[in-house]
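Report on the following structure.
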Amino acid sequence: QDSPHNMIRQVALNVGASPKCGAFVPSCSNFSIQYNYACASIAVAIMMSHNDETASASIADFPEPQWAQEFLLSIVFIGSVFGMLGMGYLGDVIGTQRALVVTNAFVVLGALASGILSWGPPQRVWGVIAVSRFVLGVGVGGNYPLSAAKAAASAGPSSSPAEAVRKTAAAFFWQGPGSCTPYLVTVGLLQLPHRKGITSLQFRTLFVMGALPAFIVLVACARESRSTVSSGDAGVSQSQRGSDLRTALREAKHWRTLVGTAGTWFLFDVAFYGTVIFTPMILEEIFGAGQTLMSMTVRATLIGILGIAGTGAGIAALPRLGAKVLNTAGLAISGALFLVCTLLFKFHPSLHGVVFGFVCLLFFVLYMGPNVATFVLPVICFPSEVRSTFHGISAAAAKVGAMLGSLLFPPINDAYGVPAVMLTQAMICMAGALLSHYCIANDVGDVNAGVIPVTVLEDDLDNDQASEPKVIGRAVEAANVEVEMTTDCFGRAGHDGDDALAEGVSAKAKKKAKNKVEKDKLLS
């Protein structure tokens with residue numbers, strides 16, 4: 001009755017019944033995303049070790065076949081692309097809550113299979129892990145658009161776009177702790193006494209623990225009461241949701257904006273995951289191949305903590321700078337830091353402390369700027385009808401970039417060394433900064449996206465499908481969106497004049513909507 005499984009299940013049930021479930025679910029989903037991405041790198045390092053020290057393939061406890069060296073870490077991103085496209089669309093068709101149940105079932109299945117089913121000779125072990133990581137990738141990929149849509153919807157139908165962005169960014173923050181946690185877990189696992197089978201226990205524990213946050217999200221979503229279902233899911237039939245989606249998909253302006261959100265996220269992830277996933281290799285290049293697993297893990301944990309700090313700084317800067325500025329400037333500064341690292345690795349590799357310091361600074365900027373902005377921009381730029389789908393497409397493009405980065409790094413590193421990798425990343429970041437500057441219109445997306453609630457308002461009035469409070473609320477929401485977007489375009493936020501203007505427009509919209517309702521009642 002008090003087993004760990006029952007305790008975890010009870011926590012999930014309590015969360016599902018809580019009114020704060022709308023905020024917890026996307027936060028836990030984001031934690032799950034990065035834990036399951038990051039755990040593979042350190043798990044592979046453990047499998048390739050001997051007596052808790054990095055070792056050559058000939059004496060490693062689980063020798064890695066050539067195909068696994070080239071493709072294993074990128075397989076999860078292939079699965080993620082399918083998950084982002086499929087689950088993102090599914091969320092707009094059947095609702096975010098139901099789609100979250102489906103996608104997290106894939107995560108639980110893939111994480112458990114990676115650790116529990118991977119037995120036998122090395123070739124079979126690596127093969128089972130590869131298949132399991134693909135399945136896990138489908139689920140983890142689906143969590144990207146669905147957690148973003150869930151977080152934005154948790155702000156409520158009458159809240160401003162700024163509140164939706166704040167909720168989304170707050171949920172995204174938990175990707176930082178998620179990416180750092182595998183290394184903290186490894187620090188504990190490396191304290192276990194040396195005995196036969198310890199390596200197997202260590203890497204399997206890392207994989208299996210990825211199922212825990214996904215299982216909590218799955219049960220919480222399955223048990224979430226109708227009263228706490230996000231506004232995007234409640235009171236909307238599946239046929240009506242599908243009709244709204246098809247109508248919004250025909251808007252050419254959304255596809256133009258997609259070039260900016262998907263293109264910059266693609267280029268950023270080439271550089272980001274081409275660096276983050278191979279952190280152990282970069283540390284080996286800095287400190288040499290003789291470092292112990294513990295020293296490598298501690299240094300990687302430090303970089304992860306800097307990533308958390310960078311994410312927090314980015315979220316704090318988001319309301320002041322705006323997502324576009326954060327994205328463009330972050331990519332440009334990251335490009336410059338990649339260039340500095342290129343020169344240091346090439347001409348001063350013996351300055352271990354200096355090189356490591358610049359690598360840490362690079363990670364901080366990557367996490368603070370484009371890592372936050374690329375996740376938030378699709379939420380800002382697209383209306384709720386297509387938010388999950390277009391966020392999924394943007395995220396899928398990003399994971400194609402991540403897959404490309406993870407595939408490019410090893411051959412470039414083998415042929416030309418880490419300096420060539422850093423130089424390539426510098427050029428990619430600069431290209432991303434240019435694309436962000438020219439293809440994303442402003443910090444809060446297309447102003448017309450904010451007028452979509454007015455279209456919904458008119459449809460509701462014509463079809464007599466909405467109650468008076470709902471109609472007026474949507475009119476006020478549309479007015480607030482329009483004012484907020486206009487002020488943000490000119491870089492103004494929080495001024496008394498803006499607040500007064502917003503209040504006046506909201507009152508005018510409310511009065512106009514009420515008169516329209518009364519008129520329709522008289523006509524009927």
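Here the structure is a predicted model, which is why all the values come from computation and not from measurement. Any value given below was found using the heavy atoms of this structure, including those in side chains, with hydrogens, waters and symmetry copies removed.
- The CG atom of Leu90 sits 9.0 Å away from the OG1 atom of Thr103 when rounded to the nearest 0.5 Å.
- Applying the side-chain contact (heavy atoms from CB on, under 4.5 Å) criterion to Leu337, with sequence neighbours excluded, gives Ile333, Phe358, Leu361, Leu362, Val365.
- Other residues, nucleotides and ligands contribute more than 12 heavy atoms inside 6.0 Å of the CZ atom of Phe356.
- Side chains of Ser147 and Ser29: no donor on one and acceptor on the other come within 3.5 Å.
- Interatomic distance, Asn143 CG to Met84 CE, rounded to the nearest 0.5 Å: 9.5 Å.
- More than 12 heavy atoms of other residues, nucleotides or ligands lie within 6.0 Å of CZ in Phe207, so this atom counts as buried by the packing criterion.
- Put simply, the side chain of Asn104 gets close to the backbone of Leu100: a donor and an acceptor are under 3.5 Å apart.
- Annotation: the span from Leu206 atom CG to Thr186 atom OG1 amounts to 4.0 Å, rounded to 0.5 Å.
- Closest of all the heavy-atom pairs between Ala317 and Met368 is CB-CE, 4.2 Å.
- Classification of the Phe62-Phe203 ring pair by plane angle, with boundaries at 30° and 60°, yields perpendicular.
- Closest non-hydrogen pair, Ile308 versus Gly176, comes out as CG1-C, 3.4 Å.
- Between His391 and Phe375, the angle of the ring planes goes over 60°, which puts this pair in the perpendicular group of the 30/60° scheme.
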